[in-house]
Novice: 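This structure is in structure tokens; I'll ask about it shortly.
Keep in mind that this is a model prediction, so the values were computed, not measured. Chain identifiers are assigned alphabetically (A, B, ...) following the order of the sequence lines, protein sequences preceding nucleic acid strands; residue numbering begins at 1 within each chain.
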Number of protein chains: 2
Amino acid sequence: MGTIDEHHDQLPFDVFARSCPSRETLGHVTGRWGGLTLCALREDTLRFNELRRRVEGVSEKMLSQTLHALERDGLVSRDAQPTNPPRVDYGLTELGQEVADRLLGLVEVLEQRMPDVLEARRAYDAERA
Amino acid sequence: MGTIDEHHDQLPFDVFARSCPSRETLGHVTGRWGGLTLCALREDTLRFNELRRRVEGVSEKMLSQTLHALERDGLVSRDAQPTNPPRVDYGLTELGQEVADRLLGLVEVLEQRMPDVLEARRAYDAERA
């Protein structure tokens, strides 16, 4: 349980509190690979190697760790088919979809506003050059 | 510039592309301390030490690095008063507010749904015990 403060007095969970488990889950969801993995799975159910190609730059080990953490948090579901060779599809749970929708909203803002970000960087660097 | 794929054919920026600068900014915004810093500043303009108390667990060095990256991306503004001792207020730019609103939406979902996350973890661990 997180601490309760004046801003979240209705909720027992608070990401600002150091030991609240919601902070750990926020980390899984917004971590280096977690966010991109959730966004990729919002588009489609994917197999491990498809996901690896979609999330450019992720290693096999990191993608595997990321998927386990997201599965344990109840965000990603794993569907193993009893075929030979076995086929495993990764998808989002209902909660995973809700979280991914929020993430995609954030990503959309960033992608749209990148010209402003790049302009801000140029101004910041020029002032200090 | 990121690569262009079928899902983002209107946008030149794509977080899925390894070398797109939007991926770096997504990292600043959702990194271990960046997200909490933006959410804290959405509530109020804060001084460095106020911010450090609000974002429990952040070190002076990490908060300083986080603020610099967010300021360079044009998300955080720094207002230094010519008083003695000098007083510096940190706040959000208009773009920072837009980004923080999306982040707060994500945090709200997570804080509300943490009981489901914790239940999923229990089930996951029990299955593997």
Side-chain angles (χ1 to χ4, degrees), chain A residues 1-3 5 7-8 11-27 29-32 34-36 39-40 43 54-57 68 71-75 93 95 98-99 101-103 105-121 123-125, chain B residues 2-3 5 7-8 11-27 29-32 34-36 39-40 43 54-57 68 71-75 93-95 98-99 101-103 105-121 123-125:
Chain A
M1 291 284 162
T3 58
D5 67 48
H7 298 284
H8 295 90
L11 286 172
F13 297 100
D14 175 9
V15 292
F16 284 112
R18 196 193 304 241
S19 60
C20 182
S22 66
R23 190 184 274 194
E24 187 191 357
T25 298
L26 180 64
V29 161
T30 60
R32 184 156 164 72
L36 293 176
C39 288
E43 298 166 354
R54 181 77 183 113
V55 181
E56 274 186 25
H68 276 114
E71 191 189 347
R72 183 166 179 263
D73 280 348
L75 303 169
T93 62
L95 175 56
E98 197 179 341
V99 169
D101 284 343
R102 301 302 183 121
L103 272 172
L106 174 65
V107 164
E108 200 178 22
V109 167
L110 288 179
E111 288 180 343
Q112 280 170 356
R113 301 291 301 266
M114 274 312 288
D116 300 310
V117 170
L118 295 180
E119 179 51 37
R121 285 189 198 169
Y124 182 96
D125 293 344
Chain B
T3 59
D5 65 49
H7 298 285
H8 294 90
L11 286 171
F13 297 99
D14 176 9
V15 291
F16 284 112
R18 197 194 304 238
S19 60
C20 182
S22 66
R23 191 184 274 194
E24 188 191 354
T25 298
L26 180 65
V29 162
T30 61
R32 183 157 166 69
L36 293 176
C39 289
E43 297 166 356
R54 181 77 182 112
V55 181
E56 275 186 22
H68 276 114
E71 190 189 347
R72 183 167 180 262
D73 281 347
L75 302 169
T93 62
E94 176 271 331
L95 175 56
E98 196 180 341
V99 169
D101 283 343
R102 300 305 182 119
L103 272 171
L106 175 65
V107 164
E108 199 178 23
V109 167
L110 288 180
E111 288 181 343
Q112 280 171 355
R113 301 291 300 265
M114 275 312 289
D116 300 310
V117 169
L118 295 179
E119 179 52 38
R121 285 190 197 168
Y124 183 96
D125 293 344

Novice: For the CG atom of B:Leu26 and the CD atom of A:Glu111, what is their distance to the nearest 0.5 Å?
Specialist: 9.0 Å
Novice: In terms of heavy-atom proximity below 4.5 Å to chain A, should B:Arg32 be classed as side chain, backbone, both, or neither?
Specialist: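 Looking at B:Arg32, nothing touches chain A.
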Novice: Quick one: CE on B:Met114 to CD on A:Glu24, what's the gap to the nearest 0.5 Å?
Specialist: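 Rounded to the nearest 0.5 Å, the CE-CD separation comes to 7.5 Å.
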Novice: For chain B, which candidate among A:Thr93, A:Leu110, A:Leu95 shows the most heavy-atom pairs at distances under 4.5 Å?
Specialist: A:Leu95
Novice: If we define contacts as heavy-atom pairs under 4.5 Å, which of A:Gly74, A:Gly105, A:Ala123 has the most with chain B?
Specialist: A:Gly105
Novice: Any side-chain heavy-atom pair from B:Arg121 and A:Thr25 closer than 4.5 angstrom?
Specialist: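 Answer yes - side chains close enough.
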Novice: Using a cut-off of under 4.5 Å on heavy-atom pairs, state which of B:Arg113, B:Glu71, B:Glu98 scores highest against chain A.
Specialist: B:Arg113
Novice: Of the non-hydrogen atoms in B:His68 and A:Tyr124, which two are nearest, and what is the gap between them?
Specialist: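 Distance-wise, the nearest heavy atoms are CD2-OH, 3.1 Å.
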Novice: Rounded to the nearest 0.5 Å, how far apart are CG of B:Leu106 and OG1 of A:Thr30?
Specialist: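 Rounded to the nearest 0.5 Å, the CG-OG1 separation comes out at 7.0 Å.
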Novice: Tell me, for B:Ala40 versus chain A, whether the close heavy atoms (under 4.5 Å) come from the side chain, the backbone, both or neither.
Specialist: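 Contact with chain A is through both the backbone and side chain of B:Ala40.
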Novice: Between B:Glu119 and chain A, which part of the residue has a heavy atom less than 4.5 Å away: side chain, backbone, both or neither?
Specialist: neither
Novice: Chain A heavy atoms under 4.5 Å from B:Asp125: which part of the residue, side chain, backbone, both or neither?
Specialist: side chain
Novice: Is there side-chain contact between A:Leu118 and B:Phe13, with heavy atoms separated by less than 4.5 Å?
Specialist: yes
Novice: Can you sort out the partners of B:Ala120 under side-chain contact (heavy atoms from CB on, under 4.5 Å), two or more places apart, ordered by chain and number?
Specialist: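 With neighbours one apart ignored, the set is empty.
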Novice: Testing the basics here: between B:Arg54 and A:Phe16, what is the closest heavy-atom pair and its distance to 0.1 Å?
Specialist: NH2-CD1, 3.0 Å
Novice: Please identify each residue that fulfils salt bridge (Lys or Arg N to Asp or Glu O under 4.0 Å) with A:Arg102, with sequence neighbours left out.
Specialist: none
